[in-house]
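Below is one structure, written out as structure tokens, with a few remarks after it.
Values below: every heavy atom of this structure, side chains too, minus hydrogens, waters and symmetry copies. Just so we're on the same page: letters track the sequence lines, and every chain starts at 1. In this text, all values refer to a predicted model and were calculated from it rather than measured experimentally.
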Protein chains: 2
Amino acid sequence: MPTGSPDALVRLFSRYLKEQGLPLTHQREAVASVLFSSEAHLSADDIEGELRTRQERIGKATIYRTLDLLVKSNLVVEHDFGEGFKRYEHRLSPRPVNQHLICQGCGRVEEFEMPEIPAVEARIARESGFKPHRHRVEIHGLCTACQADGLALSQDGIVCPIEVA
Amino acid sequence: MPTGSPDALVRLFSRYLKEQGLPLTHQREAVASVLFSSEAHLSADDIEGELRTRQERIGKATIYRTLDLLVKSNLVVEHDFGEGFKRYEHRLSPRPVNQHLICQGCGRVEEFEMPEIPAVEARIARESGFKPHRHRVEIHGLCTACQADGLALSQDGIVCPIEVA
DNA sequence: TTAGTTGCAAAAGCTTTGCAGTAAA
DNA sequence: TTTACTGCAAAGCTTTTGCAACTAA
């Protein structure tokens, strides 16, 4: 899957900072590099861990501040999958960035295509007057690996009390 | 929009508690009643405020503990719209519960229909082997009222640096 | 040299938990 | 009477902020 080189995005980030009159520090470069070298959806904690692996000891505050800049530069997208923390993903590849398959077994996230979105947004605008700006689609379930491991999902709680109303 | 009576759901909740061998307390009834009387997506704070209006002074801890029970009973659904806190909605009406229009101006949430979802899930299962279990679709934008107030949304940050990669 | 950063620690905001006193059944 | 609940305050988590020391340019 050729998605270009992480370095290219680090250079773009450097350019963004220059345009904004902000310095490119070693810490900013390191955080950006971690994100641009991974195809995953990383949490601030994941990033700190990977930095540690690389022998970099960078404060959480700096990581968060750099993530802000990366998001503002549009090179990185912030996600909230309702886990209690946020995840960050670079935009090096042209894959859709707001349509996710989320495995309830292992937590892994993949993108998928949903060509019907534009038509749905057009219908909403036409029928309700709501003006769509951005969207988010998540499908939670089980990836093939977790199914192979024999995992299964069931509705928890009582068996649909709604039916008996 | 006839959605049945809040009392019917309070009774169902009472029954759920009985089945679990748990007592129906005054506080539980009050929290459930607030939720079942509203068509909105309420935060724990909203619920506390409405209880205060009703002259009920119920601790946040009890509200959260009751919300847990309501969610477990399947009478209430928990949502996380990435606002930093959760919202809760009852399931008295048969409206879709996982497809939301979210106004970026006033924060109001409405449901919408998306009949193409089953076909999308079927396609995913067929093409990737991922087994869909539940979904969430959000479209963020501006409601008609906020558009009328002259609000507009723009992309922030620099103009898509991706293009120049 | 100078504006802007960094790291620490403290704070903020939502949610959960421990515990002594209280209420449902 | 027994079991579970309630409210308060403290703690847990992720994320943000204040501040003195530091660094890119």
First of B/Gly59 and B/Gly21 reached from the 5' end of DNA chain D, by closest nucleotide: B/Gly21
Strictly under 6.0 Å, is that where the ring centroids of A/Tyr88 and A/His41 end up? no
Pairwise side-chain contact, A/Met114 with A/Phe112, heavy-atom cut-off 4.5 Å (strictly under): yes
Would you check if A/Asn98 and A/Arg134 make a side-chain contact, meaning some heavy-atom pair closer than 4.5 Å? no
I'd like a table of atom pairs between the protein and nucleotides 14-20 of chain D - only N or O on both sides, under 3.5 Å - with the distance next to each one.
{"unit_1": "D/dT15", "atom_1": "OP1", "unit_2": "A/Lys86", "atom_2": "N", "d": "2.7"}
{"unit_1": "D/dT15", "atom_1": "OP2", "unit_2": "A/Tyr64", "atom_2": "OH", "d": "2.2"}
{"unit_1": "D/dT15", "atom_1": "O5'", "unit_2": "A/Tyr64", "atom_2": "OH", "d": "3.1"}

So what is the end-to-end bend of the helix from C/dT1-D/dA25 to C/dA25-D/dT1, with 5 pairs used at each end and the value given to 10 degrees? 30°
Count I, L, V, M, F, W, Y as connected when their side-chain heavy atoms are under 4.5 Å apart, and connections chain through other members. Are A/Val34 and A/Val109 then in the same cluster? no
Are the side chains of A/Ile139 and A/Ile102 in touch, meaning some heavy atoms are under 4.5 Å apart? no
Got a salt bridge between A/Arg52 and A/Glu56, using NZ or NE/NH1/NH2 to carboxylate O under 4.0 Å? no
Option from B/Glu89, B/Glu138, B/Arg136, B/Arg87 for which side chain to side chain donor-acceptor pair (under 3.5 Å) with B/His79 holds: B/Glu89
Please confirm whether A/His100 and A/His140 have ring centers closer than 6.0 angstrom. no
Using nucleotides 22-25 of chain D, report all nitrogen or oxygen pairs with the protein that are shorter than 3.5 Å.
none

